[in-house]
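Okay, so here's the structure we're looking at.
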Amino acid sequence: LFLPFLIGLVGLRNLGNTCFMNSILQCLSNTHDLRDYCLRNTHRTDLNNNCRAKAALMEEFAKLTQSLWTSSSSEAISPSDFKMQIQKYAPRFVGYNQQDAQEFLRFLLDGLHNEVNRVTVKPRSPMEDFDHVSDDEKGKRMWNKYLESEDSKVVDLFVGQLKSSLTCNECGFCSTVFDPFWDLSLPIAKTSGEVSLMDCLRLFTKEDVLDGNERPTCHRCKTRRKCTKKFTIQKFPKILVLHLKRFSECRVRTSKLSTFVNFPLKELDLREFASDNSVNAVYNLYAVSNHTGSSLGGHYTAYCRNPCVGEWYTYNDSRVSPMSSSQVRSSDAYVLFYESAASSRMKVIKILS
């Protein structure tokens, strides 16, 4: 197989504490469908008519992605034009302070989505009452309602839907709310040993009793009651982003948990957390944003499985080097990027056909 270019194995220059940005950019560059969206210039047809003049962030992101995948040199690329646009969109990234990679990812995806949103005029429809329909139907209608104003390639890939159930301990009435999510922030159980990713997911979805000042008003009792709250996943996204909550705010300072979280590289089966167990909810890992160091200072890198060659590489700012899949799991893992196994299979079929 003749590979004329370096197929995405190009580093990004550190402009001064911008390793958090470089790490996330490499993870997104190795997100197969988002990469193709940029390489084929499909984003141009989606650039929102309302903000075409302001669509510079998507344009710079696409340019940078194209440079990473078509460069005929191993020379690291400078992301300075891109940085100029992200700091216009989100002024918190002005300057050269170390920032949080997961926060940066949220702002970036939000910015890209706004510029390629297929909805140019958002409807001003009143909130409808979906309480008379089944939960499944309610979830579908709430999702369609969301798409009426937020509909883009970014949403196609990254957004899922959470179901939150609130059960009154007095009368047993259960009310449900459905919310879109772009990533899931998972608590890490405090322990001296290692925990598994499934432990973190179980902690995130475990039943929570709301009592005392937290007691919500029960719709049926019409008064504040002790209730049980539970999360399940109603709709699984194609790309599932899991953020491990390593940083916790104490009164005086931020502390970091360096607990080893054991996560699978293949076949992460999440049916246990689905609202409906018949869904296809199996995922394969393809990228990790890592943070080494403490809460006071540290360094971000990325581990990514190259979508062309299927091998893992370390992206450390300007340096890109091959790595073994056995090295991917570490106590530095901070943001995990999983792709639906169903869409991975579809890509293999497309390549073979």
Side-chain angles (χ1 to χ4, degrees), residues 10-30 61 64 68 76-111 182-195 197 200 241-263 285 287-304 312-321 323 327-337:
V10 182
L12 289 167
R13 266 191 226 141
N14 190 321
L15 307 173
N17 279 331
T18 55
C19 55
F20 70 93
M21 178 175 90
N22 292 348
S23 166
I24 291 299
L25 287 171
Q26 293 290 10
C27 291
L28 292 179
S29 165
N30 283 282
F61 175 77
L64 191 60
L68 289 171
I77 290 164
S78 168
S80 55
D81 290 348
F82 168 82
K83 184 180 186 297
M84 212 156 38
Q85 292 309 329
I86 188 71
Q87 62 193 30
K88 276 185 192 169
Y89 179 75
R92 64 168 51 208
F93 299 113
V94 168
Y96 298 94
N97 293 335
Q98 179 65 276
Q99 303 268 4
D100 184 89
Q102 185 251 353
E103 276 185 11
F104 172 76
L105 173 66
R106 280 202 166 176
F107 275 97
L108 174 55
L109 289 181
D110 186 60
W182 291 68
D183 60 11
L184 297 177
S185 286
L186 306 180
I188 301 172
K190 287 182 175 62
T191 166
S192 52
E194 70 171 59
V195 297
L197 185 59
C200 299
V241 179
L242 299 176
H243 160 234
L244 301 174
K245 289 169 83 172
R246 293 203 176 275
F247 298 101
S248 62
E249 296 284 342
C250 304
R251 282 207 182 116
V252 192
R253 61 189 182 88
T254 309
S255 60
K256 183 186 172 188
L257 287 172
S258 52
T259 311
F260 181 84
V261 177
N262 196 344
F263 50 88
L285 186 79
V288 183
S289 174
N290 305 291
H291 181 272
T292 47
S294 70
S295 57
L296 299 171
H299 181 59
Y300 284 99
T301 58
Y303 297 158
C304 304
W312 285 89
Y313 291 85
T314 303
Y315 293 81
N316 185 353
D317 288 331
S318 299
R319 297 191 303 283
V320 181
S321 44
M323 67 182 293
Q327 297 169 292
V328 174
R329 291 183 195 91
S330 80
S331 53
D332 295 332
Y334 183 48
V335 184
L336 308 174
F337 291 76

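For the numbers below, each heavy atom of this structure counts, side chains included, while hydrogens, waters and symmetry mates do not. On a predicted model such as this, the values are computed, not experimentally measured, just so you know.
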Nearest-0.5 Å distance, [atom1] of residue [X] to [atom2] of residue [Y]:
{"X": "Asn22", "Y": "Ile77", "atom1": "CG", "atom2": "CD1", "result": "11.0 Å"}
{"X": "Trp312", "Y": "Ser321", "atom1": "CH2", "atom2": "OG", "result": "14.0 Å"}
{"X": "Asn14", "Y": "Cys19", "atom1": "CG", "atom2": "SG", "result": "6.0 Å"}
{"X": "Lys245", "Y": "Thr259", "atom1": "NZ", "atom2": "OG1", "result": "14.0 Å"}
{"X": "Leu25", "Y": "Asn30", "atom1": "CG", "atom2": "CG", "result": "11.5 Å"}
{"X": "Asp183", "Y": "Leu109", "atom1": "CG", "atom2": "CG", "result": "8.5 Å"}

Arg246 side chain to Ser295 backbone, donor-acceptor under 3.5 Å
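Pair absent, no side-chain N/O of Arg246 close to backbone of Ser295.
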Are any side-chain N or O atoms of Gln99 and backbone N or O atoms of Phe20, one a donor and one an acceptor, separated by less than 3.5 Å?
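No, the answer is negative, given that no donor and acceptor are paired below the 3.5 Å cut-off.
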State, with a plain yes or no, whether a side-chain heavy atom of [X] is found less than 4.5 Å away from one of [Y].
{"X": "Leu28", "Y": "Phe337", "value": "yes"}
{"X": "Leu108", "Y": "Tyr89", "value": "no"}
{"X": "Thr18", "Y": "Leu12", "value": "no"}
{"X": "Tyr300", "Y": "Val335", "value": "no"}
{"X": "Leu15", "Y": "Pro79", "value": "yes"}

Side chain to side chain contact (heavy atoms under 4.5 Å, CB included) involving Ser29 - partner list, sequence neighbours excluded:
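Ser29: side chain to side chain contact (heavy atoms under 4.5 Å, CB included) contacts with Gln26, Leu68, Trp69.
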With sequence neighbours excluded, residues passing side chain to side chain contact (heavy atoms under 4.5 Å, CB included) with Ser331
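Only Phe260 meet the side chain to side chain contact (heavy atoms under 4.5 Å, CB included) criterion with Ser331.
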To check you understand the geometry: which heavy-atom pair defines the closest contact between [X] and [Y], and what is its length?
{"X": "Pro187", "Y": "Cys200", "result": "O-CB, 3.5 Å"}
{"X": "Ser294", "Y": "Phe247", "result": "O-CE2, 4.5 Å"}
{"X": "His291", "Y": "Gly298", "result": "NE2-CA, 3.8 Å"}
{"X": "Ser289", "Y": "Cys27", "result": "N-SG, 4.1 Å"}
{"X": "Ala76", "Y": "Val10", "result": "CA-CG1, 4.3 Å"}
{"X": "Leu257", "Y": "Lys190", "result": "CD2-CG, 4.3 Å"}

So, Thr292 versus His299: side-chain donor-acceptor pair below 3.5 Å or not?
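Side chains of Thr292 and His299: no pair found under 3.5 Å.
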State whether a side-chain donor-acceptor pair under 3.5 Å links Asp100 with Tyr334.
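Per modelled atom types, Asp100 and Tyr334 side chains form a pair under 3.5 Å.
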Both conditions, 6.0 Å and 45 degrees, for the charged tip of Lys83 above the ring of Tyr96: are they met here?
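Yes, Lys83 and Tyr96 form such a contact.
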Taking the six-membered ring for Trp, are Phe104 and Phe93 ring centroids under 6.0 Å apart?
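Between Phe104 and Phe93, the centre distance is under 6.0 Å.
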Using the side chain to side chain contact (heavy atoms under 4.5 Å, CB included) rule, take Leu197 and Leu244 through it: C-alpha gap first, then chi angles, then the decisive distance, then the call.
CA-CA 9 Å; Leu197 185 59; Leu244 301 174; 4.0 Å; yes
